[in-house]
Structure formats: C-alpha cells, structure tokens
Amino acid sequence: MALPFKKDLEKYKDIDEDELLGKLSEEELKQLETTLEELDPEHALLPAGFRQKDQTVKSPTGAFDRDGLLVFLEKEALEYKDREDFVPFTGEKKGKLWLPKQKPMEQRIEEKVILDPELEEALTSASDNELCDLAAILGMHTLSNTHYCDSIGGLKGRLNNVVKGEKVKPVMDEPPNPTNVEESLQRIKANDPGLVEVNLNNIKNIPIPTLKDFAEALKNNSHLKKFSLAATRSNDPIAFGLADMLRVNTTLRSLNIESNFVTGVGMQSIIDALKENETLMELKIDNQRQQLGATVEMEIAQMLETNISILKFGYQFMQQGPRTRAAAAITKNNDLLRKKRIERDAY
C-alpha cells in the first residue's frame, strides 16, 4: 500500500535534471550552490567564518565609531522600560532570623596524678637544686633552662647532656650550567677531537635556531659521544632535527632530551630514526610536557625489540604492555653484550 505523500512524488521520477539546471539563471545557480554547500556549524575546531558561507550582501555603512556605538547603547538602555513587578517591594522582612547554632563548650577535666607515697614524700622533701637536676636527667630542657633554675646557681656545666634542637642547614641552589653555548657549537662544527661531551642541561635561554644548529652540526661530527639537552625548552622542530642527525651519525653514544616540550609526533620521528641507527647506546626521553600516548609507546617497544644497540632507556611507560616489552628488550640487549664480551675475553 503506497503512502499518500509517495503518490505525489511519482511525477518527479522522469524529470531531466540537466535540462532543469540549464534553464536556471546565474543568480538561481548561485542560490542553489549556497543551499547545497556542505556546512558544518557544529565543528568547534573551525573558525566561525569557515563553518558556513558568508551571506552578507550589505555594504559597510562607514568606519567603526566606538564612541558613537557606546552613546547609542547607553541611549537604548535608558529608553528601555523596566518590567513592572507583580509584587511591589515594601522592604518588609519575612520569616525567622537565622542564628548559627552554638556548639557546647568542651570542659576539660584535669586528671589527678596519684604517685606512690614514697615518691610523693621524696618529691615533697626535695630541694630546688635536686628538682632542677631531676628535670635535666629526664630531658625536660624547657624546665631546666628557665631563669628559675639559672638563679639557683651551680647548674652551669652540669646540663650539657640536655637534648637540644638541631639547627637547620640551608640548602644552596644548584649553580647555573657553566657551558659556553656558542663555543660548544663552534667546536662541534669544527669536529674538535677533544670534545666528547656537551651538557646543555637547564639552560633555558638557548634560541630554537641555535638548538637546530647543534643537531645539524652533529651530522658531520665524528668525535662527540654524549649530548644532553634536558630542560632546554626543546620542542618538535628540535626533535625532527635530532631524528635526521641520528640517521647519519655513527659516533654518538648517549642522548638526553628529558624535561622538554616534545610531543608524540616529534618523539615518533626520533623512534623511526633509531630503527636505522646501530650505534646509540643510551636514550633518555622522560618527563615531557605532554604524554606521548599509547601508540607512541607501542612504537617505542617495537623499536627496542629490533634495535640491539640500546642498553639504557629512560622513560616511564604509562601502559603495562609496552613497559613489559621494553624491559624484556633492554634485558636481552644487555645479555647479548655480556655474551659478546665473554666470547671476546675467551679468545
């Protein structure tokens, strides 16, 4: 049984759409294009101007006049009539006045200390000097150091064993990193054989282009073995440069980029480069500004299983699966190195 509204649609089956579109004018085609354009007004990531087509056809009336707009808004606000109250305000207070509940006062009952008759008699008959000596023996230095005991006299030199508070030792701040950034960069570019380690940790004012120059200079350096960039505000562009460096450098043994702003995208590039690197032995990438994510952690575990040169890896995994695989891979790499060393010593 056909529905009533379907009967009305039967006449549109044999319509030629091309012929119908050919009869439309240019203005009608533009109107049809505007109607059929794909819009996404609920896409919060798009700017407001890209969520729908601009349909404003009114020409601008003139330059923006802020003072004139404020005067107009103030005038409109004053001319707008307030809504009349259904119940007029009289200022009458209704209901009961709220008073906070008063908590009952806690009465403390002093406990009476009952001593043995012999001890009570001994304390009653003891002199002031004997009482101060007893306080010093019991460690009651607050009592033995009072002016009362000092006025008795004869106690100086006898209270040296009284427990006293230890002075707090001040902890000095860590001294700044003394590394000369420009000098180190020039020595790396010159491939100085005496430079085997560069430590730029905690130097936060190094420009990003300078850090990129370090990564570029390491591509042709054949003497540097340890490079540290912890807490230098390094980001993804630095990670991309280090990844390109790791693909060609065969001398670097240790790389530290902890406590930086490298995201999962930048770390993924480094992991991909390590699949081709067979000389790096230590890598530290922990404590980044953002979590790397489960996908990157799985890639790290897979890289460690295929790269047998990495012996130390500094990263706190968030997922149990990649953590277990990475630990097993590092253990396997160290066992392979130990077996090679034993075989070499045997010969």
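In this structure, Gln319 and Ala294 approach most closely via the heavy-atom pair CG-CB, 4.1 Å. Closest heavy-atom contact between Glu197 and Leu224: N-CD1, 3.4 Å. For Ala301 against Ala326, the heavy-atom pair with the smallest separation is CB-N, 4.4 Å. The minimum heavy-atom distance between Pro322 and Met298, with the atom names listed, is CG-SD, 3.4 Å. Between Asn201 and Asn177, the closest heavy-atom pair is O-ND2, 2.8 Å. The minimum heavy-atom distance between Val262 and Asn235, with the atom names listed, is CG2-O, 4.0 Å.
Here Phe317 pairs with Tyr315 under the ring-ring contact (aromatic ring centres under 6.0 Å, His included) rule; sequence neighbours left out. Legend: residues meeting salt bridge (Lys or Arg N to Asp or Glu O under 4.0 Å) with Asp286, ordered by chain and number and at least two apart, are absent. Considering only residues two or more places apart in sequence or on other chains, Arg253 meets the side chain to side chain donor-acceptor pair (under 3.5 Å) condition with none of them. Partners of Glu282 according to the salt bridge (Lys or Arg N to Asp or Glu O under 4.0 Å) rule, which considers only residues two or more places apart in sequence or in another chain, are Lys284. Among residues two or more places apart in sequence or in another chain, the salt bridge (Lys or Arg N to Asp or Glu O under 4.0 Å) test is passed with Glu299 by Lys275.
If you check the side chains of Gln320 and Thr324, you find a donor sitting under 3.5 Å from an acceptor. Looking only at atom types and distance, the side chain of Ser309 has no donor-acceptor partner in the side chain of Asn277 under 3.5 Å away. Under the 3.5 Å distance criterion, with hydrogens and angles disregarded, no donor-acceptor pair is assigned to the side chains of Asn199 and Thr179. Of the N and O atoms on the side chains of Asn256 and Ser254, not one donor lies less than 3.5 Å from an acceptor on the other residue.
Screening Lys225, Met245, Lys226 for a side-chain contact (heavy atoms from CB on, under 4.5 Å) involving Leu252 leaves a single residue, Met245.
The side chain to side chain donor-acceptor pair (under 3.5 Å) contacts involving residues 240-250 comprise Asp244-Arg247, where partners must be two or more places apart or lie in separate chains.
When the shell of 6.0 Å around CD of Glu278 is examined, it contains 12 or fewer heavy atoms from other residues, nucleotides or ligands. In Gln291, the CD atom is not crowded: 12 or fewer heavy atoms of neighbouring residues, nucleotides or ligands sit closer than 6.0 Å. The local environment of CD in Glu76 is crowded, with over 12 non-hydrogen atoms from other residues, nucleotides or ligands closer than 6.0 Å. For Lys312, the NZ atom counts as loosely surrounded, since its 6.0 Å shell holds 12 or fewer non-hydrogen atoms of other residues, nucleotides or ligands. Around the CD atom of Gln186, the shell of radius 6.0 Å holds more than 12 heavy atoms that belong to other residues, nucleotides or ligands. With a 6.0 Å radius and a threshold of 12 heavy atoms from other residues, nucleotides or ligands, Ile308 has its CD1 atom at or below the threshold. Within 6.0 Å of the NZ atom in Lys23, the count of heavy atoms belonging to other residues, nucleotides or ligands does not exceed 12. Taking a 6.0 Å sphere around CD of Glu79, one finds it holds more than 12 heavy atoms contributed by other residues, nucleotides or ligands.
For the atom pair CG (Leu274) and CD1 (Ile300), the distance works out to 9.5 Å, reported to the nearest 0.5 Å. With values rounded to the nearest 0.5 angstrom, Ile238 atom CD1 is found 8.0 Å from Leu229 atom CG. Here the CG atom belonging to Asp345 is positioned 14.0 Å from the NZ atom belonging to Lys340, to the nearest 0.5 angstrom. Here the CG atom belonging to Asp272 is positioned 12.0 Å from the CE atom belonging to Met267, to the nearest 0.5 angstrom.
Grouping the Ile, Leu, Val, Met, Phe, Trp and Tyr side chains by contacts below 4.5 angstrom, directly or via other members, places Phe240 apart from Leu280. Connection of Val265 to Met318 is not established within any shared hydrophobic cluster, with ILVMFWY side chains joined at heavy-atom distances below 4.5 Å, either directly or through further cluster members.
Side chain of Gln288 to backbone of Ile257: a donor-acceptor contact under 3.5 angstrom is found. The closest donor-acceptor contact from the side chain of Asn221 to the backbone of Ala217 lies at 3.5 Å or more, if one exists at all. A donor-acceptor contact shorter than 3.5 Å links the side chain of Ser125 to the backbone of Glu121.
A salt bridge does not link Lys212 with Glu216: every distance from a Lys NZ or Arg NE/NH1/NH2 to an Asp or Glu carboxylate oxygen is 4.0 Å or more.
A 4.5 Å side-chain heavy-atom check between Thr210 and Pro207 finds at least one atom pair inside the cut-off.
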